[in-house]
There are 2 protein chains.
Amino acid sequence: MARELPTSLLMFIASRTASNRVFEAVRAAGFHDVTVAQARLLMGIDPDGTRLSVLAARAQVAKQTATALVDRLERTGYVERVADPLDGRARLVRMTPRALAILPHARDEEERIEQEWRDHLGADRMTLLRGALEDLREITDPYA
Amino acid sequence: MARELPTSLLMFIASRTASNRVFEAVRAAGFHDVTVAQARLLMGIDPDGTRLSVLAARAQVAKQTATALVDRLERTGYVERVADPLDGRARLVRMTPRALAILPHARDEEERIEQEWRDHLGADRMTLLRGALEDLREITDPYA
DNA sequence: CTATTATAGTTCGAGTCTGGGACTATGTGA
DNA sequence: TCACATAGTCCCAGACTCGAACTATAATAG
């Protein structure tokens, strides 16, 4: 029997496997030029567009990193930069239809994973698991 | 209220925060030249040393990546490569005393996090959370 | 209204991470 | 003995990352 792993590491193991599966599902759907780092940034974009600095904060990377990632995402046609009508310094990063087309594939795979986990644990324990994780956000999510 | 996040993403949020804290605690203890990628590899080293290919598999990176990471870890004095007596092709990667000195700092911070989470959720729910996560390993941990 | 200060974003530069492909050396099995 | 598999390395190119310095615009103070 292995030594007891930290709870956070148990979370890491499960979440990484899930993340890999979603990423693979998106690739399998034909999106071969999105990387994990880019996807992490994409996740933070609001429907009406989001400022780069906000994106950087959400993905927990430096502004320069976000600039580089958006550059690549723009070159490959997943996002566009539009002027922010409220602030002449700022620009809003918005998803293109191509990026929006990714979402259903990602959501479907997430849905499948969720169902597999529920099947494995049973509905009651899955509900308890989710509840505990949601409560933990209060002390672990810088954006909660 | 925000839309419902996938369970795996909730895990990611908590585990990333925990990971950042452990990393910061190690830095604060004076280890300024270890990176996250290197730490991930270090975690996989057994007390008697571990082959590079096993390390690569555990960290889920390519062999060449593991080679590069071990190169850096060796240059900064955290690991050493020794001949594997059982296989002339292989070499065992072993922690040096310097690497071993990191462990208590990491474990202490993990312990603190664990306690904070337990305080926040209550002992019973924390136990349920851990139990569910351990069971999920059966279907999410390639090394379970 | 101007001067100062703060903020949004970009560019530059250097180091790290990553894996595809090809290679050497050693072990394994027919 | 010979074919094949495995452990590890090297080369290479691209992606990621951020400190530092910069431009342009906004907000604030006097």
Side-chain angles (χ1 to χ4, degrees), chain A residues 16 19-20 23-24 26-27 31-46 48-94, chain B residues 16 19-20 23-24 26-27 31-46 48-94:
Chain A
R16 180 174 53 178
S19 164
N20 287 344
F23 186 66
E24 277 315 307
V26 169
R27 281 187 73 82
F31 301 92
H32 298 288
D33 49 1
V34 196
T35 68
V36 173
Q38 289 167 15
R40 203 108 76 201
L41 209 73
L42 276 179
M43 284 195 335
I45 302 179
D46 299 308
D48 299 329
T50 306
R51 291 190 189 178
L52 184 108
S53 50
V54 174
L55 246 40
R58 287 181 183 166
Q60 298 188 20
V61 298
K63 268 196 307 180
Q64 311 94 299
T65 303
T67 298
L69 291 171
V70 169
D71 283 348
R72 287 180 185 73
L73 284 167
E74 198 169 30
R75 251 192 287 119
T76 48
Y78 288 104
V79 305
E80 55 187 356
R81 286 185 243 231
V82 301
D84 183 339
L86 302 177
D87 189 331
R89 296 167 299 178
R91 303 160 77 181
L92 295 177
V93 178
R94 275 209 312 227
Chain B
R16 180 173 55 177
S19 165
N20 287 345
F23 186 67
E24 277 314 308
V26 169
R27 281 186 75 84
F31 301 92
H32 300 287
D33 49 0
V34 196
T35 68
V36 173
Q38 290 167 15
R40 203 107 76 202
L41 210 73
L42 276 179
M43 284 196 335
I45 301 181
D46 298 308
D48 300 328
T50 305
R51 291 189 189 179
L52 183 108
S53 51
V54 174
L55 245 42
R58 286 182 183 165
Q60 299 189 21
V61 297
K63 269 196 306 179
Q64 312 94 299
T65 304
T67 297
L69 291 171
V70 169
D71 284 347
R72 287 179 184 72
L73 284 167
E74 199 170 28
R75 253 194 285 119
T76 47
Y78 288 105
V79 304
E80 54 187 356
R81 287 186 242 231
V82 301
D84 184 338
L86 301 177
D87 190 331
R89 296 166 301 179
R91 301 162 78 182
L92 295 176
V93 178
R94 275 209 312 227

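Below, chain A is the first sequence line, B the second, and so on; all start at residue 1.
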Report the nucleotide, chosen from [options], that has the shortest atom-to-atom distance to any side-chain atom of [X].
X	options	value
A:Gln64	C:dT18, C:dT10, D:dC11	C:dT10
B:Arg51	D:dG8, C:dT18, D:dT17	D:dG8
B:Val61	C:dG19, C:dG9, D:dT9	C:dG19
B:Leu52	D:dC16, C:dG27, D:dG8	D:dG8
A:Ala62	D:dC18, C:dT10, D:dG8	D:dC18
B:Thr35	C:dT16, C:dT18, D:dA24	C:dT16
B:Asp87	C:dT10, C:dT18, C:dT26	C:dT26

- Task: Round to a whole Å and report the spacing from CZ of B:Arg91 to C1' of C:dT24.
- Result: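 In whole Å, C:dT24 C1' lies 13 Å from B:Arg91 CZ.
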- Query: Is the backbone N or O of B:Arg91 less than 3.5 Å from a side-chain atom of B:Arg81, with the two atoms forming a donor-acceptor pair by type?
  - Reply: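 Pair absent, no side-chain N/O of B:Arg81 close to backbone of B:Arg91.
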At less than 4.0 Å, is any side-chain N or O atom of [X] found next to OP1 or OP2 of [N]? Yes or no.
X	N	result
B:Arg72	C:dG15	no
A:Thr67	C:dT11	no
A:Arg89	C:dT10	no
B:Ser53	D:dG8	yes

- Task: Select base, sugar-phosphate, or nothing to describe what B:Arg81 touches, counting heavy atoms under 4.0 Å on all strands.
- Result: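 Since only primed, P, OP1 and OP2 atoms lie under 4.0 Å of B:Arg81, the category is sugar-phosphate.
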- How close do A:Thr76 and A:Arg72 get, heavy atom to heavy atom, and via which atoms?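 Result for this residue pair: OG1-O, 2.8 Å.
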- Please report the closest heavy-atom contact between B:Ala56 and B:Ala62, naming both atoms and the distance.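 Scanning both residues, the minimum pair turns out to be CB-O, 4.1 Å.
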- Query: Salt bridge check: are B:Asp33 and B:Arg75 linked by an N-O gap of less than 4.0 Å?
  - Reply: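 No salt bridge links B:Asp33 with B:Arg75.
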